[in-house]
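Notes for the one structure printed next.
Each ligand, and each atom within it, is numbered from 1 in the order the structure gives. When reading the values below, keep in mind they use all heavy atoms of this one structure, side chains included, and skip hydrogens, waters and symmetry mates. Predicted model only: the values in this text are computed from it and were never measured.
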Amino acid sequence: MRVSIFVLVLTYIVSVVYGVSLNDNGTSYTLKNDYATVVIAKSSGFITSMKIGGNNQEFLNRSYIDANGGKVYFAAKRSSVITNTSSHVEIAFYDTYDSKSGLALDWEVRYTMLSDTRGVYFALRHNHSASYPTTSFSEIRLVLRLKADIFNWLQVEDNVGRFMPSAADQNKCVEMGPKEACKLPNGEVIHKYDYSIDMLKHNVHGFASQSTGLGCWFVSPSMEWKNGGAYNRDLSCHQGGSDSLQIMYMAGSHYGAGDETINQGENWSKVYGPFLIYLNKANSVQASWNDAKDMATKEGKKWPYTFTSIPGYVKERGKVTGTLAINNPLTGTRLPLEDAVVTLVQPESNTEPIPHQQWRHTSHWAHSLNGATPTFVIYAVVPGTYQLRAWAKGVVGEFILDQLVTVKAGEVTNLGKFTFNENRIAPITWEIGIPDRTAMEYRHGDHFNQWGLYYEFEKDFPNSVNYYVGKSNYAKDWNYCQVSIPGSDGKYKGVPWNIYFNLNKIPTGTSVLRISIAASSSAALSIALNDGKATPEVKDLIDDACIRRDGIRGIYRELEFKFDPSAFKVGENKFTLYCRKIGGYQTYYSFDGIMYDHIRLEAPGIDGTTTNNASGSGNNNVKTSTTTIIRTSTTTKAPTPTNNNNNNNSGSCAAQWAQCGGINYSGPTRCCQGSCNFVNDWYSQCV
Ligand SMILES: *[C@@H]1O[C@H](CO)[C@@H](O)[C@H](O)[C@H]1NC(C)=O
Ligand SMILES: *[C@@H]1O[C@H](CO)[C@@H](O)[C@H](O)[C@H]1NC(C)=O
Ligand SMILES: *[C@@H]1O[C@H](CO)[C@@H](O)[C@H](O)[C@H]1NC(C)=O
Ligand SMILES: *[C@@H]1O[C@H](CO)[C@@H](O)[C@H](O)[C@H]1NC(C)=O
Ligand SMILES: *[C@@H]1O[C@H](CO)[C@@H](O)[C@H](O)[C@H]1NC(C)=O
Ligand SMILES: *[C@@H]1O[C@H](CO)[C@@H](O)[C@H](O)[C@H]1NC(C)=O
Ligand SMILES: *[C@@H]1O[C@H](CO)[C@@H](O)[C@H](O)[C@H]1NC(C)=O
Ligand SMILES: *[C@@H]1O[C@H](CO)[C@@H](O)[C@H](O)[C@H]1NC(C)=O
């Protein structure tokens, strides 16, 4: 009894006497509570010091807020105290646009510390008034440069955590291809992209310290503000110089998201965050990571935050709920859904054509939905009008609701049950892989975030991929990506892959080879059946950089290649996949190609089919009697691709590697370098 009274008194004293304080010594603000002390320079608006309560270890060498990888810095012109009470301190820094600004944007940065904040909250607002000129950026970041000798354990996912090599070893690092990869004295190649994060389920990344038990983490209760939202992948932590870099990419374009351009005449503003810079101390780096994850769960429950007053942050949110079902269109039966995602994105526009490239507004999502008809809830949705998209492991395609979803503050938008139809024209004859928008199930896919795997192809598959349906195992006989290899003349050449399969009779109608693309870079795809004429090439795949940046889930596409019955034969048949480099790196790297997600043949009138027993996860149909509204699925359409190939139709000759002929081709047929090589009816190339 006596003890508990003492505890109560102590708690009372702590909260009253300490709380949180804000000091301004003329050059710096110091935000301090029992748990942390954070110093911010008034001249820059950057954090210059971070310490955890009761410990004198400095976390930072320095920090900054920048755009376009250090080309433009946030440059505070003034600061102001927003709130200064014993339970809440909040300061703001402003960088308003003038003719000397690197970007035509106003910036407002907020730092907030509450009496129980174990670190400091960060938020940024961008504002472009209609009168400002057109402005463009590819990256907006907060960069903490932690002391690398102390913060030596990087962790960004449960299965992506490691001790980082010493600064001394890194400074002896030898550059590899790509230039960000380098070889350490011990022979290991490190590549900062190997620590990239998928936003879909992300909420924490940072560094811990083996020697001191300290940890520094970005805890994000929501990633709604990230460009590309659930579709995006980006860098997070790595080392550079002698520092451990902990980065929050508020905007980034490393995986196909493209640049953000705000035109003159457009009013635009966006709030990134707030998110928490969480400082902790634990007995081991694993304990530190687990504690940071717990904090992320706790902060997630507080979202939307009530404390912040940064203009433009929306506190009044709505909720969207519904029940998702996807049918096999041939039978009307439900497909079992695994790890399904429902996401609200802005409706497609000319400037932001696909969700991976959307940035003007927020996006919201629910993930990890399982079962035949999972009910989902998307919480804390910023009021507005959205497009609803869904996808699921085990089902081919991405599905778009045929009506827009309106979300209002304080209201629940209940969409009821809606049913999509998978695209499927005939029963499945065979399939390769698992439809899940990744190439993880194929050779090397299980350790994809590792430098240089694309260089293994020639060694692993000296005679290319020759996949025998019914005999081959996709986990080892199908490579995670189809890349070019160096030819004898030092130039890179495509390597066709073959799929062999037996038919006991000819399909009775048009058949479809349905190919889901998990990722691609500067590659065109055409298919031939039994050495016949290749299909027209698909040339508008978007470069998502996953191959060269060690990702495994890039920009998804569902492709349909149709074949007449006459193209098939009884007995052994063969599909040939021609993946051809149409740009990107021409003379050095084998970075360009395609990662397949899933491939299947849909052929009418085939029975006694060969099935792919390596799978384990086929599209087994679940019978169900309830059907409600039937909506057709919409294959995601790609926008006009960015001009990343070497075609130069303005001159009288075609550049090396460019197109120089083919059906309906109207450009130059003479090659500036090399000669015009026939590849297929639709394409000849200068090599
Ligand atoms: C914040 O408030 C405290 C208590 O009133 C005061 O001592 C301190 O100077 C204030 N800080 C700033 C930066 O105004
Ligand atoms: C203010 O505080 C900062 C950070 O502790 C320190 O570097 C600086 O010298 C101080 N300035 C003055 C005028 O005391
Ligand atoms: C960061 O701090 C550490 C430890 O104080 C130091 O060894 C290192 O050189 C610093 N890095 C830079 C880039 O100044
Ligand atoms: C931009 O916002 C200002 C201030 O609210 C308004 O007067 C103006 O009409 C807006 N311009 C456009 C193009 O929306
Ligand atoms: C940008 O900020 C200015 C000044 O605070 C304000 O007048 C304007 O309405 C803001 N524009 C947008 C698009 O938020
Ligand atoms: C499929 O593979 C499993 C595991 O290798 C094996 O046990 C089973 O017999 C195979 N089924 C058929 C039909 O070949
Ligand atoms: C395209 O070809 C023209 C004429 O040969 C040449 O002047 C121009 O520099 C080329 N442009 C590029 C981007 O290669
Ligand atoms: C070639 O162009 C014509 C006219 O635009 C079109 O009808 C035809 O389908 C095209 N052929 C191919 C193979 O794309």
Subject >> Heavy atoms from other residues, nucleotides or ligands near NZ of K192 exceed 12 (cutoff 6.0 Å) >> reply: yes
Original post:
Got a sec: does the NZ of K315 have more than 12 other heavy atoms crowding it under 6.0 Å?
Top reply: yes
Original post:
Which ligand 1 atoms does N84 reach within 4.0 Å, using its non-hydrogen atoms?
Top reply: 1 (C), 2 (O), 3 (C), 8 (C), 10 (C), 11 (N), 12 (C), 14 (O)
Original post:
Are any of the N or O atoms of L22 closer than 3.5 Å to those of ligand 1?
Top reply: yes
Note down each nitrogen or oxygen pair, ligand 2 side and protein side, whose separation is under 3.5 Å; give only atom names and the distance to 0.1 Å.
{"unit_1": "ligand 2", "atom_1": "2 (O)", "unit_2": "N25", "atom_2": "ND2", "d": "2.3"}
{"unit_1": "ligand 2", "atom_1": "11 (N)", "unit_2": "N25", "atom_2": "ND2", "d": "2.8"}
{"unit_1": "ligand 2", "atom_1": "11 (N)", "unit_2": "T27", "atom_2": "OG1", "d": "3.2"}
{"unit_1": "ligand 2", "atom_1": "14 (O)", "unit_2": "N25", "atom_2": "ND2", "d": "3.3"}

**OP:** Please check if the side chain of K147 supplies one atom and the backbone of D243 the other of a donor-acceptor pair under 3.5 Å.
**Re:** no
Subject >> I150 backbone acceptor or donor facing S209 side chain under 3.5 Å >> reply: yes
**OP:** Return the set of residues passing ring-ring contact (aromatic ring centres under 6.0 Å, His included) with Y272 (not counting sequence neighbours), or none when no residue passes.
**Re:** H126
Original post:
By ring-ring contact (aromatic ring centres under 6.0 Å, His included), which residues pair with W365, not counting sequence neighbours?
Top reply: none
**OP:** Quick one: list whatever passes side-chain hydrogen bond (donor to acceptor under 3.5 Å, both in side chains) with K51, sequence neighbours left out.
**Re:** N56
**OP:** Please identify which atoms of ligand 4 are closer than 4.0 Å to at least one heavy atom of G265.
**Re:** 13 (C)
